[in-house]
Structure formats: structure tokens, C-alpha cells
Amino acid sequence: MGINFHHDKNRLSYASRQVDSSWKDRIKALVPVENIERAVDIGCGGGIYSRALSEMGIKSITAVDYSQTILDSAKERNKEYDQITFKYGIAHETGLPSEQFDLLLERAVIHHLEDLNAAFKEAHRLLKYDGYLIIQDRTKEDCLLDGSDEHIRGYFFSRFPKLIEYETKRRHSSKKVISALKELGFMEIEEIKLWEVRKIHKTKEAFLEDIRGRTGRSILHHLNESELENLISYLDTVIRNYDSIVEKDRWTIWKAVK
């Protein structure tokens, strides 16, 4: 069974992590952040990337999500960030005014969507002329890289190949994303690969406990308790580090301009 984002027990699953500085540096290299006044973060989850945009100097961020439970948690954990406004909405129907935003971020959103055109049409409507769209998600190729100390997530699939079908079925190809962006009139489309530091764990034990909690990893909700413990034992065997573990994931970023 997959994760229920609306369930209260999952409300903090995507709210506790801090965004690594390398992500901020990559976005700054793609977008003139110093010129961005208003941004919208669609599919904001726990608000950690909305918070990162604020920390990068953007004065106004509207954070949108389709789960009221997760939105309530995001508001609670980001009380001190007056720059962020949280709003209920969905990717293809946000209810926000047209042509008001300089930057629109959709991170880890499009794999939840079947109709990319509807979501990108809404993004085009929201952005000002010359506004920037940043989409970040995994392609099938990103997900199925072999497991290693750099790509621990790959071990999930080598231990439980049944997860491969679920994971690949929900991932859009880069060709499909780019085609949809072009169809909606976006220009200056670029594809960039990013190894993003997800989290630095001080010990192997801390990492394995994070796995046990399935924290921020929806794919692990497709394993039952026995299978999860099996995976943890496997990871304990194949991961050689006992001290600090730097957990990374490979992503694809698509940048486009209205």
C-alpha cells in the first residue's frame, strides 16, 4: 500500500529535512534569484523548499499543496517565515491569480500527475512574461541506477525488484516533459542532472532508523513491516560506512522560461 499523504501520522514525513546548500547553489546558477520577487512552490509538502527559497532571499513565496493535513504541518513548522503563505490547491488548478510570479517550482510533483499538459498550462498562466519554471523529478533512469555508497536508494530495488514496476510506471521520460513544455509555449528549455544531498546521517544507526521510519520515502510504503526489516538488514550489510553517511539521490531538473 502506498503512502496516504492525508493521514495525520504522515504529516511530518516531508517536513523535518533541511535542504542542502548544494541545491540552493544549483538553483542560483539556473535562475537570477536576486531578481525574483514572487515565487510559487506547487506541491510544497512540508514546506522545506519554500523555506529554502526564502533563505535564498526571495521576499514572497506562495506554497501550494493538495493535502490540508500536510499544509497544516508546514504552517506549524514554518511559523517564523513571514515570507511564506500556504494555500490549498492542486497542480492544474491552484486558484491563484494569473501572471503574478517570477518563479514557479514543482519539485517531486510530476510523478504524481498523469496529465502534464494541464499542470504546465497552469504554470504558464501563473508566470509573468520571462518568468522561470523549475521542474525537478526523477526519470526512470535516475531511479534505477545501481545501489552504491553514493546511491543508496538503488539498493531498495536490488533487494525488492517488485518495487521497480511501481517506480518506473509513475515516472515520466525527459522527452515527454520537454515535449509538453514546448507544446505549452515555454522557451529556453534545459535539462540538467543533479546529485542532491538528501541528508547527512551522523551514524549508520541513525540512517537505518530513518529508513525504519520510512521518513520522506513514499516508495517504502509499498513494503510491509517484515519486508522493511529485511531491507534494513540488507542495507546494514552492504553499506560499509559506520560513521557519517551522505545520502544522495539523482534528479533531473528542467528549466524553462515563459
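- In the model, T139 has no side-chain atom that pairs as donor or acceptor with a side-chain atom of R171 under 3.5 Å.
- Counting heavy atoms of neighbouring residues, nucleotides and ligands inside a 6.0 Å radius, atom CG of D25 exceeds 12 of them.
- Side-chain N/O atoms of R107 and Y49 include a donor and acceptor closer than 3.5 Å.
- In terms of hydrophobic clustering, with Ile, Leu, Val, Met, Phe, Trp and Tyr side chains grouped at heavy-atom distances under 4.5 Å, V19 and V246 are assigned to different clusters.
- In this structure, the side chains of L127 and S98 stay at 4.5 Å or more apart for every pair of heavy atoms.
- Between R153 and E167 there is a salt bridge, with a side-chain nitrogen of the basic residue lying less than 4.0 Å from a carboxylate oxygen of the acidic one.
- Hydrophobic clustering (ILVMFWY, side-chain heavy atoms < 4.5 Å, transitive): L104 and L194 are in distinct clusters.
- Under a hydrophobic-cluster definition in which Ile, Leu, Val, Met, Phe, Trp and Tyr are linked whenever side-chain heavy atoms come within less than 4.5 Å, directly or via other members, I135 and V31 are assigned to different clusters.
- Remark: E165 CD is loosely packed, at most 12 non-hydrogen atoms of other residues, nucleotides or ligands lying under 6.0 Å away.
- A 6.0 Å sphere centred on NZ of K121 holds no more than 12 heavy atoms belonging to other residues, nucleotides or ligands.
- Salt-bridge check for E188 with K255: failed, with every basic side-chain N at 4.0 Å or more from each acidic carboxylate O.
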Self-check item: Criterion side-chain contact (heavy atoms from CB on, under 4.5 Å) on I200 and V197, from CA distance to verdict
Solution: CA-CA 7 Å; I200 299 175; V197 175; 4.0 Å; yes

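- Distance check: R38 CZ to F101 CZ gives 4.5 Å after rounding to the nearest 0.5 Å.
- The side-chain hydrogen bond (donor to acceptor under 3.5 Å, both in side chains) test with Q136 singles out one residue from E106, E196, R26, and that residue is E196.
- You'll find the side chain of R217 reaches within 4.5 Å of the side chain of R198, heavy atoms only.
- Hydrophobic cluster membership differs between I42 and V33, with clusters built from Ile, Leu, Val, Met, Phe, Trp and Tyr side chains linked at under 4.5 angstrom.
- The minimum heavy-atom distance linking I90 with V64 is given by the pair N-CG1, 4.4 Å.
- One side chain, D20 or S22, offers a donor N or O that lies under 3.5 Å from an acceptor on the other.
- In this structure, CH2 on W254 lies 8.0 Å from CZ on F120, to the nearest 0.5 angstrom.
- With a 6.0 Å radius and a threshold of 12 heavy atoms from other residues, nucleotides or ligands, E114 has its CD atom at or below the threshold.
- Crowding of K28 atom NZ: a count of heavy atoms from other residues, nucleotides or ligands under 6.0 Å exceeding 12.
- Distance check: E76 CD to D72 CG gives 8.5 Å after rounding to the nearest 0.5 Å.
- Heavy-atom contacts from other residues, nucleotides or ligands closer than 6.0 Å to CG of N35 number more than 12.
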Quiz prompt | Worked verdict on Y81 versus I61 for side-chain contact (heavy atoms from CB on, under 4.5 Å) | solution = CA-CA 10 Å; Y81 289 85; I61 300 103; over 6 Å; no

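- Taking the side chain as every heavy atom from C-beta outward, Q100 and L126 never approach each other to under 4.5 Å.
- The structure places CG of L53 at 8.0 Å from CD1 of I84, a figure rounded to the nearest 0.5 Å.
- F207 places a side-chain heavy atom less than 4.5 Å from the side chain of I239.
- The backbone N or O of I164 sits less than 3.5 Å from a side-chain atom of T168, completing a donor-acceptor pair.
- The main-chain N or O of G45 is found under 3.5 Å from a side-chain atom of D65 such that the two form a donor-acceptor pair.
- No donor-acceptor contact under 3.5 angstrom links the side chains of E150 and S148, judged on distance only.
- Contact check on E225 versus R214 returns a salt bridge, with a Lys/Arg side-chain nitrogen under 4.0 Å from an Asp/Glu carboxylate oxygen.
- S233 contributes a side-chain N or O that, together with a main-chain N or O of E229, makes up a donor-acceptor pair within less than 3.5 Å.
- Scanning all heavy atoms of the two residues, the minimum distance from L71 to C44 falls at CD2-SG, 3.9 Å.
- Not a single donor-acceptor pair under 3.5 Å links the side chain of R170 to the backbone N or O of H111.
- More than 12 non-hydrogen atoms from other residues, nucleotides or ligands lie less than 6.0 angstrom from NZ of K75.
- Remark: the S60 side chain and the Q83 side chain contain no N/O donor-acceptor pair separated by less than 3.5 Å.
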Quiz item: Could you walk me through whether R212 and I232 pass the side-chain contact (heavy atoms from CB on, under 4.5 Å) check?
Solution: CA-CA 7 Å; R212 182 171 282 113; I232 290 169; 3.6 Å; yes

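- Side-chain contact check for K193 and T252: at least one donor-acceptor pair (N or O, by modelled atom type) lies under 3.5 Å.
- Linking ILVMFWY side-chain heavy atoms closer than 4.5 Å, directly or via other members, places L96 and I58 in two distinct hydrophobic clusters.
- Of the inter-residue distances, the one linking F157 atom CZ with L144 atom CG reads 6.0 Å to the nearest 0.5 angstrom.
- The shortest non-hydrogen separation linking G46 to I70 is N-CG2, 3.9 Å.
- No donor-acceptor pair closer than 3.5 Å links the side chain of H222 to the backbone N or O of Y166.
- Looking only at side-chain heavy atoms (C-beta outward), D149 and R240 come within less than 4.5 Å of each other.
- Looking only at distances, a side-chain donor or acceptor of N224 sits under 3.5 Å from a matching main-chain atom of E227.
- A distance of 6.0 Å separates CZ of F156 from CG of L235, quoted to the nearest 0.5 Å.
- Listed here is the closest heavy atom pair of Y88 and Y66: CE1-O, 2.9 Å.
- Under the 3.5 Å distance criterion, the side-chain polar atoms of K258 are left unmatched by any main-chain donor or acceptor of F186.
- Distance alone, capped at 3.5 Å, is enough to place a donor-acceptor pair between the D41 side chain and the S50 backbone.
- Counting all heavy atoms, side chain and backbone alike, I211 lies closest to L228 at O-CD1, 3.8 Å.
- With respect to the salt-bridge test (charged N to carboxylate O, under 4.0 angstrom), the residues K199 and E247 do not qualify.
- Within the 4.5 Å cutoff, the side chain of L220 has heavy atoms near those of the L231 side chain.
- Within a 6.0 Å sphere centred on CD of E55, other residues, nucleotides and ligands contribute more than 12 heavy atoms.
- Heavy-atom minimum distance, A52 versus K24: CB-CE, 4.0 Å.
- You'll find the side chain of V257 stays beyond 4.5 Å of the side chain of L133, heavy atoms only.
- The backbone N or O of I110 lies less than 3.5 Å from a partner atom in the side chain of D137, making a donor-acceptor pair.
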Practice problem: Could you walk me through whether Y132 and L30 pass side-chain contact (heavy atoms from CB on, under 4.5 Å), step by step? | Solution: CA-CA 9 Å; Y132 292 86; L30 293 173; over 6 Å; no

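- Using a 4.0 Å cut-off between charged side-chain N and carboxylate O, D142 and R250 make a salt bridge.
- A side-chain donor-acceptor contact under 3.5 Å links N78 to the backbone of A74.
- At a threshold of 4.5 Å between non-hydrogen side-chain atoms, the residues V177 and I189 do not count as touching.
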